[in-house]
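Convention: sequence-line order gives letters A, B, ...; per-chain numbering from 1. On a predicted model such as this, the values are computed, not experimentally measured, just so you know. Worth knowing before you read on, the calculation uses all heavy atoms, side chains too, and leaves out hydrogens, waters and symmetry mates.
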Number of protein chains: 2
Amino acid sequence: MQSMNLEWYRIFLYTARSGSLTKAAQQLHITQPSVSYSIKQLEDTLGAKLFDRLSKGVSLTREGQSLYDYVEQSFAILDAGEKRLQSLQRLTAGELRIGASGPVIRHMLLPSLDRFHAAYPDVRIRLTQGKTAEISGKLQEGSLDLGMVHLPLADPELAVRPLFSIQDCFVVGEAYRKLAQAGRPVAAIRLTKLPLLLLSPGSSTRRFVEGWLQTQGVAAEADIELGSMDMLVEMARRGYGAAFVTRAFVRRELAGGQLFELPLAEPIPPRMIGVASRKAASLPLAAERFMTMLAEAAISE
Amino acid sequence: MQSMNLEWYRIFLYTARSGSLTKAAQQLHITQPSVSYSIKQLEDTLGAKLFDRLSKGVSLTREGQSLYDYVEQSFAILDAGEKRLQSLQRLTAGELRIGASGPVIRHMLLPSLDRFHAAYPDVRIRLTQGKTAEISGKLQEGSLDLGMVHLPLADPELAVRPLFSIQDCFVVGEAYRKLAQAGRPVAAIRLTKLPLLLLSPGSSTRRFVEGWLQTQGVAAEADIELGSMDMLVEMARRGYGAAFVTRAFVRRELAGGQLFELPLAEPIPPRMIGVASRKAASLPLAAERFMTMLAEAAISE
DNA sequence: TGCATGATATAAATCCTCTCTATGGCAACA
DNA sequence: TGTTGCCATAGAGAGGATTTATATCATGCA
C-alpha cells in the first residue's frame with residue numbers, strides 16, 4: 001500500500017460532500033462498491049481512518065475533516081486552471097503580442113487587427129512598434145508572439161511567412177512636378193541630382209533603397225533623413241526633394257495631385273512583408289488565429 | 001477521450017519542471033513512453049497542446065504554462081494536507097478537548113494529562129471544567145472529545161468506560177473530633193444533628209449524597225452549601241460541621257490530623273468515575289491515546 | 001420479535017487502462 | 001554520414017479498478 005492514485009481524492013471529495021458512499025457513486029457514475037474500495041485504498045495508503053461508517057451514511061473523522069479542507073481547496077484550484085485553459089482555447093481570454101513598423105501597422109496590420117478584435121474582444125492586444133531588427137530581437141527573446149517584418153529575414157530561429165507585396169517609389173511635390181510629368185523615365189544617376197529624402201539609417205527601407213541605388217551604380221546620399229514616413233511625405237510635398245516611400249502609403253496624395261511619382265528608367269523591385277514567429281515555441285492560439293486572418297487579408301488583396 | 005485521470009497531472013507537473021519526458025520518467029520511476037502516453041492523454045482530454053516537443057526536451061506552450069501555475073499550487077496544497085494528516089497521525093499536531101469537574105481534574109485527570117503532555121507536547125490541550133451534565137452536553141454537541149463523568153450516565157448517544165472508583169465520606173474538624181474517635185459508628189439519623197456541609201445543588205455529588213441519605217430514611221438538609229470541595233474542606237476544618245467529600249480528596253488532611261472521618265453505621269457505597277465520548281464519531285487519535293493512558297493509570301491504582 | 005428498508009462491506013470475475021519492451025523517426029553535432 | 005539524445009508509436013501484457021452478486025448491520029415499524 002504505497003502507490004498513490006489521485007483519483008481516490010476525487011472520490012473522497014464527493015463522498016465527504018454527500019456524506020454517503022452511495023450518493024457519491026451516483027454522482028461519479030460508478031458503483032457503490034467501487035467507491036467503498038477507493039476510500040479504503042486511500043485510508044490504507046494514508047494510514048488514517050477518514051470516515052466513520054454510520055448506519056445512515058458516513059461522516060468525516062477529525063482527521064478526515066482536516067484532510068478535506070485541503071483537498072477541497074486543491075481541487076478548486078485545479079478546476080480554476082482547467083476553466084482558464086478552456087477560456088484560452090475559446091479565445092475568451094489570453095493575449096496577442098504583435099510587433100510591426102509604423103507604416104506596416106497602419107496599412108497592413110490594422111485592418112486585420114480590427115477584425116480580430118471584433119471577433120475576440122476578450123483577447124488583450126499588445127502592439128509594439130519597432131524596426132524589423134528590433135521586432136526580430138523581441139521575437140527571439142519571446143516577448144512577442146508575431147512580428148511583421150520586411151523580407152528577406154535571415155534568422156534561423158524564426159519562421160517567416162510572406163504575406164504582402166509592397167512597391168516603393170520616389171515622389172516629389174509641386175516644385176518638381178515637371179520632372180515627374182515630362183514623359184521620360186528618370187535614370188538612377190539623375191536621381192542623385194535631386195535632394196533625396198530618406199528614412200533614417202538602420203531601417204530596412206533605408207538599407208533597401210541604398211542597396212538598390214548601388215546596383216544602379218549610384219552612391220546614395222541622403223539630404224534629409226527622417227524617422228517616419230509621414231514626415232518624409234510632408235517634406236516632399238513642400239518641395240524639399242524626392243522622397244523614397246511605399247506607394248500604398250501615398251496613394252491618397254498621388255490621387256489628389258499633391259504628390260507626383262517619378263517614372264524610373266529601371267523599376268524598383270517589389271519588396272515583401274511577412275509575418276515571423278519563433279520556430280521553437282508553438283504559437284498561442286490567439287496568434288495562430290490572427291495569422292490566419294492576416295493570410296486571408298493578404299490573399300484577398 | 002473524456003474520463004480524467006488525475007495522475008496525469010502529476011506526470012504533467014514533473015515533466016514541466018524537468019523540461020524532459022525522460023527525466024520526468026526517471027523521477028517518477030516509470031518509463032519514458034509511459035510519460036509520453038500520459039501527457040498525450042492529458043492533452044487530448046483537455047483539448048489543448050501543453051508542450052512543444054523540441055529536439056532537446058519539451059517546453060510548455062503558453063496554454064501549458066497557464067495550466068502549470070494552477071497545477072503547481074493545487075499539488076502544493078494537497079501535499080500540505082497530507083503532511084498535516086501525518087502530523088495528526090504522529091500526534092505532532094492536533095488537539096485534545098477534554099472536560100471534567102474540578103476535583104476530578106485535580107485527582108484523576110492531571111496525572112495522566114501530565115504524562116500525555118510530556119509525551120506529545122505539540123498536541124494542544126483544551127480543558128473544560130464543568131458538572132457532569134454540562135460535560136455530557138458538550139460531548140453530544142461535539143465540542144468535547146472526552147469527558148470524565150460520574151457514573152452511571154444514562155445517555156444513549158454517549159459511550160462510557162468506567163475507570164476509577166471513589167469513596168465518599170463525612171469529615172469533621174477538631175471541634176467534632178470526639179464524635180469521630182468515639183469508637184462507635186455514627187448512624188445516618190445522627191448525622192442530621194450535625195451541621196451538614198454539602199456541595200451546591202446541581203452537582204452529581206450533591207444528588208448522590210441526597211439519594212444515599214434518603215435510602216437511610218433521612219431528609220438531607222444542607223446547612224452550608226458551597227461550589228467547590230476546597231471550600232467545604234476548609235469550613236469543616238474550622239469546625240462548621242461535617243462535610244461530604246471524596247476521601248482521596250482529603251487524604252493529606254486525614255493523615256495530618258486536621259480532619260477526621262466519621263465512622264458510619266451504614267457504609268456509603270463507592271461511586272465510579274468514567275470517561276465518556278460520543279458514540280457516533282470515532283475518537284481523534286489524540287483522544288484515543290489519552291484514553292489509553294487514563295485506563296493504564298486506573299489499573300495501576 | 002420479525003420483517004422491510006437502506007446503508008456499507010466483501011468476494012470473485014471481468015474488463016480496461018496503464019505500463020513495459022522494442023523500435024522508429026528526427027534534430028543536433030562532430 | 002554516423003552518432004547521440006530526444007520523443008513517438010506499436011503491440012503485448014499485467015495489474016488494478018470496476019462490476020455483479022451477496023453478506024452484514026442498524027433502524028424503524030407493525
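Residue B:L21 has its side chain nearest to D:dC7 when only D:dC7, D:dA17, C:dT8 are considered. For A:T31, counting side-chain heavy atoms from C-beta on, the closest listed nucleotide (D:dT18, D:dA21, C:dT17) is D:dT18. The side chain of A:I30 has D:dT19 as its nearest neighbour among D:dT19, D:dA17, D:dA26. The side chain of B:P33 lies closest to C:dT21 when the candidates are D:dC7, C:dT21, D:dA26. With distances taken from any side-chain atom of A:N5 to the nucleotides D:dA17, C:dA27, C:dT8, the minimum falls on D:dA17. Listed nucleotides D:dA17, C:dA9, C:dT19 differ in distance to A:Y37; the shortest reach to its side chain belongs to D:dA17. Ranking C:dT10, C:dA28, D:dT27 by closeness to the A:S55 side chain, first place goes to D:dT27.
Using a cutoff of 4.0 Å between basic side-chain nitrogens and carboxylate oxygens, A:E157 and A:K279 are not scored as salt-bridged. Ion pairing of B:E288 with B:R161 is absent here, as no side-chain N (NZ or NE/NH1/NH2) approaches a carboxylate O to less than 4.0 Å. At a threshold of 4.0 Å, the pair A:E210-A:R206 counts as salt-bridged, since one of the basic side-chain nitrogens sits closer than that to a carboxylate oxygen.
Side-chain N/O atoms of A:R53 include one lying less than 4.0 angstrom from OP1 or OP2 on C:dA9. The phosphate of C:dC18 (OP1 or OP2) has no side-chain N or O of B:S34 nearer than 4.0 angstrom. For the OP1/OP2 pair of D:dC7 and a distance below 4.0 Å, the side-chain nitrogens and oxygens of B:T22 include at least one atom meeting the criterion. Between B:S20 and D:dC7 there is a side-chain polar atom (N or O) within less than 4.0 angstrom of OP1 or OP2.
Cation-pi geometry between B:R271 and B:F208 is satisfied (NZ or CZ under 6.0 Å from the ring centre, within 45° of the ring normal).
The interatomic distance linking A:L6 (CG) with D:dG16 (P) rounds to 17 Å, in whole Å. For A:K40 and D:dT18, the NZ to P distance is 16 Å, given to the nearest whole Å. A:M4 has its CE atom 16 Å from the C1' atom of D:dG16, to the nearest Å. Taking atom CG on B:L50 and atom P on D:dC7, their separation rounds to 15 Å, with Å as the unit. Residue A:Q41 contributes atom CD, which lies 14 Å from atom C1' of C:dA9 at whole-angstrom precision. The CD1 atom of B:I39 sits 9 Å away from the P atom of D:dA8 (whole-angstrom rounding). Whole-Å rounding puts the B:K56 NZ to D:dC7 P distance at 10 Å. Here C:dC18 presents its C1' atom at 14 Å from CG of B:L28, a figure rounded to the nearest Å.
Partners of A:E7 by side chain to side chain donor-acceptor pair (under 3.5 Å), not counting sequence neighbours, listed by chain and number: A:R10.
The base of D:dA8 is paired with the side chain of B:Q32 by a donor and an acceptor separated by under 3.5 Å.
With the nearest nucleotide of DNA chain D identified for both B:K23 and A:H29, B:K23 has the one nearer the 5' end.
Between B:F51 and B:F12, the distance separating the two ring centers is shorter than 6.0 angstrom.
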